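Predicted model only: the values in this text are computed from it and were never measured.
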Amino acid sequence: MKKIFFRIFSIVIILLALVFILRIYNDHKYKNSNNLKLPEYYKDVNDISLYPVATDGVDVTYVDEGRMQGFRFVPKEKLHKGLVICFGGSDGSPNFDNAKRLAEEGYETFALFMYGMRNQEQTLRRIPLEQFEDVINYINKNVKDNKPISILAASKGSEYALNLASKYHEIDNLVLIAPSSYTFAGLDFKDYGSSWTYKGKELPYIDIKKSSLKSFLKNIIVPAIIKSPISFKDTYNSAIEKDSSSQEKLIPVKDVKANILMIVGEDDLMWDSLAMANKIKEENPNAKIYSYKGAGHIFAGNGIINIKNVRIATGGTAEDNKKAKIESIKAIDAFLIENHK
């Protein structure tokens, strides 16, 4: 009995020592991994005072209109018809930089929050698609030149935007960066459920808690323990594969009337945006996909970001992400110019 106890004790000590060594090694290996220079507002995306609203040639105001919360950018010289509405991703930011860039190019734009602000859900779960009706009402009342309407959204925001376009045909064009073809679970694990609701009912969703245990341990738990980058891609894929009714969780793309442009990094390690973009195109053959080799989920940095002392693998190399950023902006600009004549 003593021998068995000693063996178990020895194994535990060896494992703890190994974890300790690996944590030190990974701290050294990835100490310069997060080379992203994020704007000040990423310290607290819900603090509107952190956003740089002073922009040459553009009037920027905050809109507080029911569940419509965000920034309006009106160029002093509007060069393109209609408007572009921007949404960010799961971090809760309103895609401020893209809205600002497009406003400087002569588009009237909005950078809107999906959640986290006054009159909105405070976490990313059960967000009612109907909150977009407040946006439509505001536009109809306050924007004279309000057609066409384009939405530019990234990651989780793309999932939101595609669901919106399936219900609200006022949306004429979609630019989906790192898109999803499925509705996934929300990211509030204390109050778990679908990301979105419509008419009081949760949209059917892929339950990421039901991904394979092997994938969860390999790609999330073990990396978190030894401080190496976590990758969510296989977890999302396994959740889809294990869901026998996954077809019912697909966003109804056939109900979307908008023109669709999708921007995808082929080395996306957050989720398989390329496969899901192809899934969307299967349902809408006119949708356009621009994919970029060696690029990840976000076209910035070297494929690893640090969030609250956790390293997350987003994919891509610094060089390929930079190249994809430049080329994707050209593709987005061409699409918007063509559809905002």
Side-chain angles (χ1 to χ4, degrees), residues 87-92 114-115 121 123-127 129 153-164 166 176-198 201-225 228-253 262 264-283 289 291 296-298 303-305 307-308 310-316:
F87 292 105
S90 59
D91 60 2
M114 290 187 296
Y115 71 95
E121 297 300 317
T123 59
L124 206 170
R125 57 90 179 95
R126 301 187 189 92
I127 296 171
L129 297 183
S155 190
K156 196 68 178 177
S158 290
E159 180 186 322
Y160 177 59
L162 192 59
N163 268 304
L164 286 178
S166 73
L176 307 177
I177 302 170
S180 170
S181 55
Y182 295 90
T183 288
F184 286 102
L187 299 179
D188 184 340
F189 293 95
K190 293 180 181 178
D191 187 12
Y192 197 64
S194 181
S195 294
W196 326 108
T197 67
Y198 185 64
K201 295 182 179 180
E202 294 188 43
L203 298 190
Y205 64 95
I206 300 290
D207 187 347
I208 54 179
K209 283 186 176 180
K210 294 181 179 178
S211 62
S212 79
L213 180 61
K214 179 182 177 182
S215 173
F216 185 68
L217 290 172
K218 177 183 175 183
N219 296 292
I220 297 178
I221 297 300
V222 172
I225 292 171
S228 64
I230 291 171
S231 173
F232 292 101
K233 179 178 178 179
D234 288 345
T235 298
Y236 276 104
N237 283 346
S238 69
I240 295 168
E241 291 166 5
K242 289 173 69 66
D243 192 328
S244 60
S245 60
S246 62
Q247 289 297 111
E248 297 172 16
K249 284 66 181 280
L250 283 165
I251 299 169
V253 176
M262 291 176 282
V264 176
E266 295 184 10
D267 189 36
D268 188 341
L269 295 181
M270 287 293 285
W271 60 20
D272 199 343
S273 55
L274 179 59
M276 292 194 285
N278 285 323
K279 199 85 173 173
I280 292 168
K281 189 170 176 62
E282 285 177 15
E283 296 297 313
I289 301 175
S291 62
H297 190 73
I298 56 175
I304 299 170
I305 59 173
I307 300 177
K308 296 181 180 179
V310 176
R311 296 185 176 101
I312 297 176
T314 55

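- In this structure, the separation between CD1 on I251 and OG on S158 is 9.0 Å, given to the nearest 0.5 Å.
- The CG atom of L274 sits 5.5 Å away from the CD atom of E266 when rounded to the nearest 0.5 Å.
- Under the 3.5 Å distance criterion, with hydrogens and angles disregarded, no donor-acceptor pair is assigned to the side chains of H297 and S273.
- Distance check, rounded to the nearest 0.5 Å: OG of S211 to CG of N219 gives 9.5 Å.
- For the residue pair T123 / D191, no side-chain donor-acceptor distance below 3.5 Å is found, with atom types taken as modelled.
- Between F184 and Y182, the ring planes are tilted. Angles from 30° to 60° get that label.
- Ring to ring, W271 and F232 are not that close: their centroids are 6.0 angstrom or more apart.
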Can you check side-chain contact (heavy atoms from CB on, under 4.5 Å) on D243 and Y205, steps first, answer last?
-> CA-CA 10 Å; D243 192 328; Y205 64 95; over 6 Å; no
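- For the pair T314 (side chain) and G303 (backbone), a donor-acceptor distance under 3.5 Å is present.
- Between the side chains of D234 and S238, not a single donor N or O lies within less than 3.5 Å of an accepting N or O.
- Using modelled atom types, no side-chain atom of S180 and backbone atom of E159 make a donor-acceptor pair closer than 3.5 Å.
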Go through M270 and I312 one step at a time and tell me if the side-chain contact (heavy atoms from CB on, under 4.5 Å) criterion holds.
-> CA-CA 8 Å; M270 287 293 285; I312 297 176; 3.6 Å; yes
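- Distance check: K156 NZ to I127 CD1 gives 8.5 Å after rounding to the nearest 0.5 Å.
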